[in-house]
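Only one structure is covered here, and it is reproduced in the block below.
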Amino acid sequence: MKVAIIGQGYVGLTISAGASEFYNVIGCDSNQKLVEQLNRGISHIEGVESSLIADRIKSGRYKATTKGDEISDCEIVIIAVPTPLTENRHPDLVFLESACKTIGENLKKPVLVINESTSFPGTLRSFIKPAIERYSTVQVEHLYAISPERVDPGRTDFNQKNTPRLYSGLTSEASEKTREFYAKFCDNLVEVSSPEIAEAAKLFENTFRQVNIALVNEFAQIAHALGISVYETLDAANTKPYGFMKFNPSAGVGGHCIPVDPTYLAAVAEEHGVPATFIRRANEVNLEMSEYIVNRVATDNGGNLQGKNVLVVGVAYKPNVADVRETAAELVIEHLRSKGAVVSWHDDVVGNWKGENSAPLQGADITVVVTKHEGVDEKKILASAPYVFDTTGKVRGAKGL
Ligand SMILES: NC(=O)c1ccc[n+]([C@@H]2O[C@H](COP(=O)([O-])OP(=O)(O)OC[C@H]3O[C@@H](n4cnc5c(N)ncnc54)[C@H](O)[C@@H]3O)[C@@H](O)[C@H]2O)c1
């Protein structure tokens, strides 16, 4: 069985790694440099070992390509391309459209098309299928299914194999074939009654995180105003054995999913006449945290950050990964600079970001911890400046939320 996976990023390469144990996988990506790197056996994704990619290339089970025509003899095609927001924060399906073009132009025989890219309910039925048909040069009846990806980069307890996977086809034949495909490398497959349910579930999962993080971020501000510890209050609430789930305050949300997916849900809600005020506000609260934090830091330092050397510790969006997409550190740095601070950042996991290199963890007037990787020493953080503000709750002895 030959499987094509369009998009070889976090999601696509992770599926390539799992699927190439059982199938011949062709990883199609528009990024020439990435394709060359993958074909040299070098992985760019945490959780996918380079040695595994190199082994699969050697055994003929995996190959990366930029060429759409190399997928023409595949029986299954998986879509794993980005679904970002436009500048005006609307769903941007441009990559999905181009993946559909590749499929339409190159597949002349019926195949199973599975979408793993996150998008709003109705995308498979009303966008992907018609787009592929529009680009097809011959009339061909493909099967269509959705199986949203739940990979959490850097996580070790739950991975592709043991995380339950939702799926649903546009037809029962599509559902059946989708189950057969994933059953080889996923332990727990959960069929739902329609693709729209699977698409909506994925968006709701991430919206649930977005609004709960916003709630705890708002609560952190309330706790501070009341002069009580947010962390102790959350630990106290968490002794309740039912009806409560603990979320931690932070400088905001990051990564490709949590800051983006709820906006897909809000957009489709509004199109259907439901004002998604709660979802929209949650996003705003999380975005506003960076300004709140910088104001707290400024107030603690005489109300003025002009000319102060501020070191931001941790620019990855979460601990122990090098992923900086939508990182809250970006807004924190922007607000610090708008107040005249001279900002550098320390993050040896990221190394280089926006043309700047990770600075030494020392010699600052003010340190603001946005993300704390496990390998970063607490004592060194505390010694890096006379004033340290910690947004993570992990640096004992520092000022914080
Ligand atoms: N990263 C995550 O943790 C995660 C988790 C669950 C779901 N998702 C969803 O999965 C999808 C993919 O996300 P990702 O994190 O893997 O993105 P990514 O940016 O890491 O990778 C996407 C890859 O697709 C390639 N690409 C774009 N358009 C292409 C095209 N037309 N043809 C071939 N290649 C193309 C890009 O070059 C890139 O390498 C998104 O919809 C995302 O929301 C991501």
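These numbers come from a predicted model, not from an experiment. Note that the numbering runs from 1 along the sequence shown for the chain. We count ligands from 1, going down the list as the structure has it; atoms in each ligand are counted the same way.
The closest side-chain donor-acceptor pair between Ser358 and Asp347, if any, does not fall under 3.5 angstrom. If you check the side chains of Asn217 and Asn286, you find a donor sitting under 3.5 Å from an acceptor. A donor-acceptor contact closer than 3.5 angstrom is absent between the side chains of Arg61 and Ser20. Side-chain atoms of Thr86 and Asn88 include no donor-acceptor pair closer than 3.5 Å. For the 3.5 Å distance criterion, the side chains of Arg179 and Tyr167 qualify, holding a donor opposite an acceptor. Side-chain atoms of Lys202 and Ser119 include no donor-acceptor pair closer than 3.5 Å. Side-chain atoms of Ser16 and Gln8 include a donor-acceptor pair closer than 3.5 Å. Between Glu116 and Ser147, the side chains place no donor N or O within less than 3.5 Å of an acceptor N or O (distance only, hydrogens not considered).
Formation of a donor-acceptor pair under 3.5 Å by the Ser338 side chain with backbone atoms of His335 is found in this model.
Ranking the protein heavy atoms by distance from atom 12 (C) of ligand 1 puts Val81 O, 3.4 Å first. Looking only at protein heavy atoms, the nearest one to atom 34 (N) of ligand 1 is Ser30 N, 3.2 Å. Closest to atom 43 (O) of ligand 1 among all protein heavy atoms lies Thr118 OG1, 3.4 Å. Scanning the protein heavy atoms around atom 2 (C) of ligand 1, the nearest turns out to be Cys257 SG, 4.0 Å. Protein heavy atom in closest approach to atom 13 (O) of ligand 1: His256 CD2, 3.6 Å. When only non-hydrogen protein atoms are considered, atom 21 (O) of ligand 1 lies nearest to Gly9 CA, 3.1 Å.
Ligand 1 has no nitrogen or oxygen under 3.5 angstrom from a nitrogen or oxygen of Asp261. Among the atoms of Glu149, none of the N or O lies under 3.5 angstrom from an N or O of ligand 1.
Near Arg325, meaning under 4.0 Å from one of its heavy atoms, ligand 1 places the atoms 1 (N), 15 (O), 17 (O), 18 (P), 19 (O), 20 (O). Listed by atom number, the atoms of ligand 1 under 4.0 Å from Thr83 heavy atoms are 40 (C), 41 (O), 43 (O). Residue contact check: Ser98 has heavy atoms under 4.0 Å from atoms 30 (C), 31 (N) of ligand 1. Residue Ile6 approaches ligand 1 through these ligand atoms, each under 4.0 Å from one of its heavy atoms: 32 (N), 33 (C). Listed by number with element, the atoms of ligand 1 under 4.0 angstrom from any heavy atom of Leu34 are 39 (O). Ligand-side atoms of ligand 1 in range of Phe95: 27 (C), 28 (N), 31 (N), range being under 4.0 angstrom from any heavy atom. The contact set between ligand 1 and Gly7, taken as ligand atoms under 4.0 Å from a residue heavy atom, comprises 23 (C), 24 (O), 25 (C), 34 (N).
In this structure, Thr102 does not count as a contact residue of ligand 1, since none of its heavy atoms falls inside 4.0 Å of the ligand.
Once rounded to the nearest 0.5 Å, the distance linking NZ of Lys372 with CG of Asn320 reads 8.5 Å.
Evaluated by nearest non-hydrogen atom to atom 38 (C) of ligand 1, the leading choice among Val11, Asp29, Val35 is Asp29. Closest heavy-atom approach to atom 27 (C) of ligand 1 within the set Gly12, Cys28, Pro82: this belongs to Pro82.
Neither the backbone nor the side chain of Lys101 comes within contact range of ligand 1; no heavy atom lies under 4.0 Å.
Between Arg281 and Glu284, at least one side-chain nitrogen of the basic residue sits less than 4.0 Å from a carboxylate oxygen of the acidic one, meeting the salt-bridge criterion. Using a cut-off of 4.0 Å between Lys/Arg side-chain N and Asp/Glu carboxylate O, Asp187 and Lys161 are scored as salt-bridged.
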